[in-house]
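First comes the structure, then the notes that go with it.
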Amino acid sequence: MVSSAASSNPEHNQSEKNFPIRNGFEVLKLIDFTLDHASAKSVQGRFVVSKASCQPFGVLHDGVTAYIAESLGSLGAGIASGLRVAGIELTINYLQAARLGEEVVVTATPILAGNRTQVWNITFLASKEEDSSTESSPPKVFAVSRLTLIVGLPYDGSDLKKKTPQLSSSL
C-alpha cells in the first residue's frame, strides 16, 4: 500500500502539507508500493516484484518502471517547487532484469530544480528478499531513468469538472 513513513524530519513533514503525496498514487497500491521518504532533495520507495507487476516471463514490466519513475520524480518536483508539474520527457535504460520476488528500492534525486523546468534522476535497485539460510548478495542497479518536467502549469480544477465525451454506440 502506498504510504508515507512517519518522520521526525521537519522538512519532510512540511513538504507533506504543501504537496498531497497520496493523490495520484492509486496505481502503485496494486503492487504494494511503499513511499519511504519524500522531500525536495529526494524521494524513495520500495516494493517486491510480484505477479501483479511482472510480464508473463517473471520479470518486472517496463510500464511499471516508467510509472514509478514519473510518479516519484513528479512528486519530488512538486515538493521542490510547490507548483503543478508535468513530465515532458522520460527515458529509461534497463541494465538487467528485476525478477519475481526481488525487492526493488527506487530513489529519485534532482539534477536541476529550476523555476521553469526540473530534471530528476531515478535509480532502481533490486535485491533478493533475504532468507536467513542464504548469504545475501548486494543490490544491483537494474534500471536508471531521467525525467524532465515543466514547472508552474496553471491548475484551477476545471479539467476535473469537464465531462468525458460519450462515444456513439452505433457506427
Side-chain angles (χ1 to χ4, degrees), residues 1-50 52-55 59-99 102-129 138-153 155:
M1 183 163 151
V2 176
S3 62
S4 61
S7 172
S8 60
N9 179 347
E11 179 185 359
H12 175 72
N13 294 336
Q14 181 63 31
S15 64
E16 276 193 303
K17 292 177 190 171
N18 294 336
F19 192 80
I21 64 171
R22 288 177 183 87
N23 295 344
F25 281 88
E26 290 80 10
V27 173
L28 294 178
K29 291 178 184 178
L30 298 173
I31 61 168
D32 292 325
F33 188 90
T34 300
L35 186 62
D36 296 329
H37 170 79
S39 75
K41 301 212 186 263
S42 72
V43 179
Q44 187 173 65
R46 68 186 64 242
F47 70 102
V48 175
V49 178
S50 66
S53 60
C54 274
Q55 296 178 358
V59 297
L60 182 62
H61 193 286
D62 60 338
V64 172
T65 308
Y67 186 85
I68 293 169
E70 181 138 5
S71 295
L72 269 59
S74 294
L75 175 59
I79 292 170
S81 68
L83 300 170
R84 181 176 173 217
V85 299
I88 55 175
E89 182 178 30
L90 176 68
T91 61
I92 304 173
N93 295 100
Y94 296 95
L95 310 173
Q96 300 180 49
R99 304 201 177 285
E102 290 184 318
E103 181 182 41
V104 175
V105 176
V106 187
T107 305
T109 54
I111 297 170
L112 169 70
N115 293 328
R116 302 304 268 153
T117 59
Q118 292 194 26
V119 180
W120 283 69
N121 190 58
I122 302 96
T123 303
F124 292 80
L125 295 167
S127 59
K128 296 226 184 264
E129 283 197 296
K140 64 180 180 184
V141 175
F142 75 87
V144 292
S145 177
R146 181 157 295 163
L147 173 65
T148 304
L149 304 109
I150 188 166
V151 177
L153 295 172
Y155 180 72

Checklist outcome for this item: Tightest non-hydrogen contact, residues Asn121 and Arg146, listed as OD1-NH2, 4.2 Å

Next on the checklist: Assess the residue pair Ile122 and Val106 against the criterion (side chain to side chain contact (heavy atoms under 4.5 Å, CB included)); give the C-alpha distance rounded to whole Å, side-chain angles, the decisive distance to 0.1 Å, and a yes or no.
Outcome noted: CA-CA 7 Å; Ile122 302 96; Val106 187; 3.5 Å; yes

Item to check | Side-chain donor/acceptor of Ser145 to backbone N/O of Thr91, under 3.5 Å | outcome: yes

Item to check | Within-4.5 Å side-chain heavy-atom neighbours: Gln118 and Ser81 | outcome: yes

Checklist entry - Are the side chains of Phe142 and Val104 in touch, meaning some heavy atoms are under 4.5 Å apart? => result yes

Next on the checklist: So, taking the atom named CD in Glu89 and the one named OG1 in Thr117, what distance separates them when rounded to the nearest 0.5 Å?
Outcome noted: 11.5 Å

Checklist entry - Can Glu70 and Leu147 be said to form a side chain to side chain contact (heavy atoms under 4.5 Å, CB included), step by step? => result CA-CA 7 Å; Glu70 181 138 5; Leu147 173 65; 4.2 Å; yes

Next on the checklist: If you define the side chain from C-beta out and look only at heavy atoms, does anything of Leu28 sit under 4.5 Å from Tyr67?
Outcome noted: yes

Checklist entry - Side-chain contact, heavy-atom cut-off 4.5 Å: Ile111 with Trp120? => result no

Next on the checklist: If the test is side chain to side chain contact (heavy atoms under 4.5 Å, CB included), which one of Val49, Ile68, Leu60, Val48 qualifies with Ile31?
Outcome noted: Ile68

Next on the checklist: Has Ser74 got a side-chain atom pairing as donor or acceptor with Ser71's backbone, closer than 3.5 angstrom?
Outcome noted: no

Item to check | Heavy-atom closest contact (Leu90 atom, Ala69 atom, distance) | outcome: CD1-CB, 4.0 Å

Checklist entry - So, for Ser53 and Phe47, which heavy atoms are closest and what is the spacing to 0.1 Å? => result OG-CE1, 4.1 Å

Checklist entry - Quick one: are Leu35 and Leu75 in side-chain contact, heavy atoms under 4.5 Å? => result yes

Checklist entry - Pick one: which of Asp36, Thr34, Asp32 meets side chain to side chain donor-acceptor pair (under 3.5 Å) with Arg46? => result Asp36

Item to check | Considering all heavy atoms, the nearest Leu149-Gly73 contact | outcome: CD1-O, 4.2 Å

Item to check | Non-hydrogen atoms of Ala80 and Ala40 that approach each other most closely | outcome: CA-CB, 3.6 Å

Checklist entry - Between Glu102 and Arg99, is there a donor-acceptor pair closer than 3.5 Å when you use the side chain of the first and the backbone of the second? => result yes

Checklist entry - Got Val141 and Thr123 here, is their nearest side-chain heavy-atom distance under 4.5 Å? => result yes

Item to check | Short side-chain to backbone donor-acceptor contact, Lys140 and Ala97, under 3.5 Å | outcome: yes

Checklist outcome for this item: Here the pair of heavy atoms bringing Ala86 nearest to Leu153 is CB-CD1, 3.5 Å

Item to check | Tyr94 side chain to Asp62 backbone, donor-acceptor under 3.5 Å | outcome: yes

